[in-house]
Amino acid sequence: MKKRHNSILLEVLAMLLFLIYMIPFVIILINASKPSLKIIDNPLSLPTDPSVFFSNIVKTVTSPNVRYISSLISSVIITVVSVLLLALIASMAAWVLVRTKTKLSGVIFMVFVAAMVIPFQVVMFPLVSWFHLVEVKLGLMNTPFRLLQNYPGIILAYLGFGTPMSVFLYHGFIKGLPLEVEESATIDGCSRSATFFKIVFPILKPITVTVIILNGIWIWNDFLLPMLVLGSGNKVQTLPLAVANFVGSFLRKWDLILTSTIMAMLPIVIIFLILQKHIIKGMMEGSVKG
């Protein structure tokens, strides 16, 4: 009887937390269906004309100053390329660190773990300064491969900041994999790279999905790093930068800000809901096996 009461209490608590977390989303959705003046007048009032929401979508997409479609394409390119490279590089690095039983591998892994606790604000200025220095030294200023205000720089930055956590997750998962499977593949004539890509990497599917989703949510929603590397007036900009363009010095278009916010968060929310069971499974298996 006591267990049943505890279970009911936990369910009620979970529902209350759900409602609390949903309040901001509901307020955004309600105000995205109203004109800007009504939002300022009473942000908690219900919309009277639902068609305003669709007109706000049209205004958001067709706004010449924001370039929403090109920003969407840039966000997709940056996010997809970054998470795929993170999953590939981090999985290979973690596998080598786990299977190489030396003091050096232990030190390298601890460096990755230590990098997870370094605040981003500490390295903001050195990051931009280093990118500019590399551009000047290598002559990349007017080429498609320049690091600032272009795709290579922001993707390289995400690889640097996302690798420590990804290696940490992969490392805990790989430690629980049986070594006999890899030894059998080696005996059968598989090279080291073939063993990883044909034997090990397919087994890493649960934790790979976890790494992709966690990094994908972070990269898709990130504002500060794209602002530093890409800049606000650049032709390559992400969705968070596009949303920020609706905020002027003297005017804030709240209807378009909230509508573009919903449009920006919707794709990643849908992907998260579809793959959430894989995320939970990957994190649980990684923590248990690690």
Side-chain angles (χ1 to χ4, degrees), residues 75-100 104-128 130-131 147 151-177 196 200-230 238-240 265 267-269 271-290:
S75 283
V76 171
I77 293 174
I78 292 170
T79 304
V80 170
V81 175
S82 298
V83 297
L84 291 180
L85 289 176
L86 275 171
L88 179 62
I89 294 173
S91 60
M92 290 191 295
W95 180 62
V96 172
L97 291 175
V98 171
R99 297 309 184 209
T100 305
L104 180 60
S105 62
V107 171
I108 294 175
F109 176 68
M110 292 307 300
V111 170
F112 278 115
V113 174
M116 294 172 58
V117 300
I118 299 176
F120 173 71
Q121 291 77 5
V122 175
V123 296
M124 287 193 308
F125 181 74
L127 173 71
V128 178
W130 182 80
F131 274 3
L147 299 179
Y151 291 117
I154 187 68
I155 292 174
L156 182 62
Y158 279 128
L159 288 178
F161 289 111
T163 299
M165 185 192 70
S166 302
V167 169
F168 177 76
L169 293 174
Y170 274 116
H171 193 277
F173 191 91
I174 294 173
K175 283 172 67 176
L177 299 181
F196 175 78
V200 178
F201 195 70
I203 303 176
L204 301 179
K205 180 181 177 181
I207 195 64
T208 298
V209 174
T210 302
V211 168
I212 288 176
I213 294 300
L214 292 179
N215 285 301
I217 293 174
W218 159 54
I219 295 172
W220 184 270
N221 295 322
D222 189 30
F223 175 81
L224 186 55
L225 188 56
M227 172 63 73
L228 291 172
V229 178
L230 299 178
T238 59
L239 282 179
M265 73 171 66
I268 203 69
V269 169
I271 294 175
F272 177 81
L273 292 176
I274 294 174
L275 301 176
Q276 61 177 335
K277 63 177 182 180
H278 297 287
I279 301 174
I280 298 173
K281 180 181 178 182
M283 296 191 71
M284 289 183 64
E285 291 188 7
S287 60
V288 172
K289 292 180 179 181

Exercise. In Å, rounded to the nearest 0.5 Å, how long is the span from CG of D222 to CD1 of I217?
Worked result: 13.0 Å
Exercise. Any idea which heavy atoms bring G162 and L86 closest together, and the distance?
Worked result: C-CD2, 3.5 Å
Seminar exercise, completed: Taking every heavy atom of A114 against every heavy atom of V117, the minimum-distance pair comes out as O-CG2, 3.0 Å
Problem set entry | Spacing of N215 atom CG and M165 atom CE [to the nearest 0.5 Å] | 4.5 Å
Problem set entry | L204 and its side chain to side chain contact (heavy atoms under 4.5 Å, CB included) partner, picked from L177, V209, T210 | L177
Problem set entry | Pair W218-L214, side-chain contact (heavy atoms from CB on, under 4.5 Å): steps then yes or no | CA-CA 6 Å; W218 159 54; L214 292 179; over 6 Å; no
Exercise. Does the ring center of F201 lie less than 6.0 Å from the ring center of W95?
Worked result: no
Problem set entry | Side-chain heavy atoms of Y158 within contact of P226, under 4.5 Å | yes
Problem set entry | N221 side, atom CG; T238 side, atom OG1 - distance, nearest 0.5 Å | 10.0 Å
Seminar exercise, completed: Scanning both residues in full, the closest heavy-atom pair of A87 with S91 reads O-OG, 2.7 Å
Seminar exercise, completed: Correct closest heavy-atom pair for T79 and S75 would be OG1-O, 2.7 Å
Problem set entry | Minimum heavy-atom distance L97-H171, with the two atoms named | CB-CD2, 4.1 Å
For this session: Measure the CG-CZ distance between L156 and F161 for me, rounded to the nearest 0.5 Å.
Result: 10.0 Å
For this session: Determine, stepwise, if the pair I78 / W220 fulfils side-chain contact (heavy atoms from CB on, under 4.5 Å).
Result: CA-CA 8 Å; I78 292 170; W220 184 270; over 6 Å; no
For this session: To the nearest 0.5 angstrom, please state how far the CG atom of L159 sits from the CD1 atom of I154.
Result: 10.5 Å
Exercise. Can any side-chain N or O of S105 pair as donor or acceptor with the backbone N or O of T100 at less than 3.5 Å?
Worked result: yes
Exercise. Would I174 and I207 satisfy side-chain contact (heavy atoms from CB on, under 4.5 Å), going step by step from the backbone distance to the final call?
Worked result: CA-CA 9 Å; I174 294 173; I207 195 64; over 6 Å; no
Seminar exercise, completed: Closest non-hydrogen contact found for V167 with A93 is CG2-CB, 4.3 Å
Exercise. Taking atom CZ of F131 and atom CG of L228, what is their separation to the nearest 0.5 Å?
Worked result: 10.5 Å
